[in-house]
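So the structure is just underneath, and the comments pick up after that.
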Amino acid sequence: MRAVRRGGARLWDRFAASDPGLLRLTAGLRTVSAIALALVVLALLGTGVNHMVAGAMTAMTATFAIKDKLVRDQAVTLALGLPVSLVAMSLGALLTSQVVAGDLFFIALIFGAVYCRRFGERGTALGLIGFQVYFLSLFVGASTAALPELYLALAVGFGCSAVVRFGVVPETPQRVLTRLRDAFRTRLAQLVSVQIELLDAGPEQLEKVLDDMRRRTARLHETALMIQGRLEEGTSDADKAALLQRRVADAEIATERLGMLLLNARSVERADTLTLHLPHAPVPLTGDWRPAEDDATIALRRDLKALHLLVSRPAARDGGTAVAHIRNRLLGYRDEERLPSAPSGIQDAFRGIGEAARSVLGLRLALDGPQDESDDSPATTRSREEFDAEDIALASSETPGDEDRAGLQRPTTRAAFQVSVGSVLAMIGGEFLSSQRWYWAVLTCWVVFLNTASTGEILVKGYRRLLGTMLGAVAGVALAGLVGDHTWVSFALVLVFIFAMFFTAPLSYAVMSFFVTAMLGLLYTLLNSYSFDVLVLRIEETAIGAACGVIAAVLVLPVRTDRRTDELLGTVLERLGDVASAAVEQLSGGPASDLLGKARSLDTALDELRDSTNPLTYPITPLRGRRQTVRYLVALLETCAYHARSLAATAELVPHSKTVAADPRLHRAGQRIAHNIEVLGAYVEDEGAKGEVESGASIASTLRDDGSGTQPSGSVTFRVLRHLQRLDEGVVGLARPLDVPVADRSESKAVRG
């Protein structure tokens, strides 16, 4: 029985890691539960199928539209949403026979719904509710005579949504953050387990192990960013949120760096790990792969398993001296005299284990507060003192928000005009196809503008929706024929598809569109309006709506994909320069700053750039040369970001460490990197900019040229030299895809000033 429970716990941990914070599962369960409850209530009240469909779709809208973080704000938005929906339904019924007036109001409603996004989550939710309920009035054929029953259906839908949201599937920011932290712990443990496999992998298993390590590193990074997005609402004060953010970033960077050190330790020829952490990178080995079995490697494997135990074991189960003994041993590797006699690569791996153990300790202190210190070794005590010093030095600081653009340059205003024009075109085109189903074209035009910021993104989203709609129409034909007149079987399948729709929405828009269309086929069956022609018309209206959306995006206040990516690229370079300069300054003995906060801002900007380049790297893009260039550019930026994060993590140790001293020479060594990043940023902002990227002698050689010789392995210079060198090479490498001239300064020692 115990084995079954352990197996179930492991299975749940895997599922929780695949859905960090159980956000997708919760969204699907809450929506399906609200719909099911609304259907049961309306069935008990004896309403017709049309009104049951209206109530179910209202419950769905009221559930997914509201995104406020705080429970109090959710309740206020939900309360305001009911009168908005009643007004939208009333106008839909009153204007159903007034074609011109109805169309004009629909366009005005669309403009207002999009414009309201500028007022935050509540404005977005109320605009979405108004649009969806007006669309619902067209879908069910609302009339003035049926308004009383429709009002009842709307009220039941909102009421059931409230019951499920606040009673059946309650959600608080603190609970979400707790689940995200558990997911982070699980993914951290999974990454360490793959690193253990790396020690024993032979040549035939190596590529698979490295792919697993890249994938789990990316998932860990994804969870860390999700935690960052939930910190403000899920913690009691800003200082605690900032502290937790630093500890999460520290644990992520330390564990990622440990993987690099392990690969170096196991490679005879000291593998080039410049792009190891990137997806689809080639196996970076140049020599024979030797999973050695000497004493140092056996001890390394043992200590990796001990680290896995520390990571995966909750703090509440840390009682006894065994765990404290393991923690003390691992933290002892932060002292040079405690390292085993082994080649330098193996010693680096032990140092990495020590820093990873320190990051786990810091994460536990941030999450669970002070712990029992009775069994601490001197190394553990020193680590706690370093964290205490960091906590005292950490001061809350507000990050200034981006300046809000005015007039037509404001994204919400621009999108409102674009969607309105696109909807007019979709309305006209849809009317030519069908005077009764034209609103499907308008709906498609509406949704392709959601969460998009450039013409290319709209084009890709329209293509994905059309692809999902075509496949969903085929499934709808088959299901409608199988279900026939079985009403409750149809409703059950509708619930299954709605759950799948919400669960897959963050993963694939095409898959979500498939489930939406299949669900609509079943709804048409319930409304006795199903036919093969209707589903074909659905595809045609979708194609018209997507095309009209793209036309509007191109002609009305367009935001070219190239322009948007250039803006985001400039932001990434600026933040990369901030992290690199601040880290080198602190490594040189300068004042302490929130380096991990800067590193997380860099990660956020890089994720936005990566998303914005999707239209340029999409498989169907005809510009294959540009696609390869963009992929190369993003890969180099990811490499630079990784080494900048590693510099920041090491620099964080310097002000409070008693064993790691600053090296003033690093300030001079980092000047070339800072200069090159500035030149790249200037060229991105203005193609006519002047200046050259400087390349030349390696940073390591410039430090040796001052007569100080080789650096001791425990010095801060030794720890960061590889990251500085790789960052310098990566920044110089960015010059080629950006068409920036490069000057070789080898003869002048390659370092400015």
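Predicted, not measured: the structure shown is a model, and the values here were computed from it.
Contact record, Cys160 with Ala34: CB-O, 3.8 Å, taken as the closest heavy-atom pair.
A salt bridge links Glu252 with Arg600; the closest basic N to acidic carboxylate O contact falls under 4.0 Å. Looking at Asp607 and Arg610, a side-chain N of the basic residue comes within less than 4.0 Å of a carboxylate O on the acidic one, giving a salt bridge. Salt-bridge check for Arg214 with Asp211: passed, with a basic side-chain N closer than 4.0 Å to an acidic carboxylate O. Ion pairing between Asp603 and Arg575 fails under the 4.0 Å rule for side-chain N and carboxylate O.
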Open item on the list: Does Asp182 form a salt bridge (charged side-chain N to carboxylate O under 4.0 Å, His left out) with Arg179? I'd like the steps, not just the answer.
Closed with: CA-CA 5 Å; Asp182 292 341; Arg179 291 202 301 263; over 6 Å; no
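Remark: the Thr63 side chain and the Ser161 side chain contain an N/O donor-acceptor pair separated by less than 3.5 Å. Judged by distance alone, the side chains of Ser90 and Tyr151 do bring a donor and an acceptor atom under 3.5 Å apart.
For Phe106 and Trp446, the distance between ring centers is not under 6.0 angstrom.
Of the options Glu540, Glu541, Arg538, a side chain to side chain contact (heavy atoms under 4.5 Å, CB included) to Thr469 is made by Arg538 and by none of the others.
A cation-pi contact, defined as under 6.0 Å to the ring centre and within 45° of the axis, links Arg24 to Phe503.
Taking the six-membered ring where the residue is Trp, Trp488 and Phe491 present tilted rings, their angle falling between 30° and 60°.
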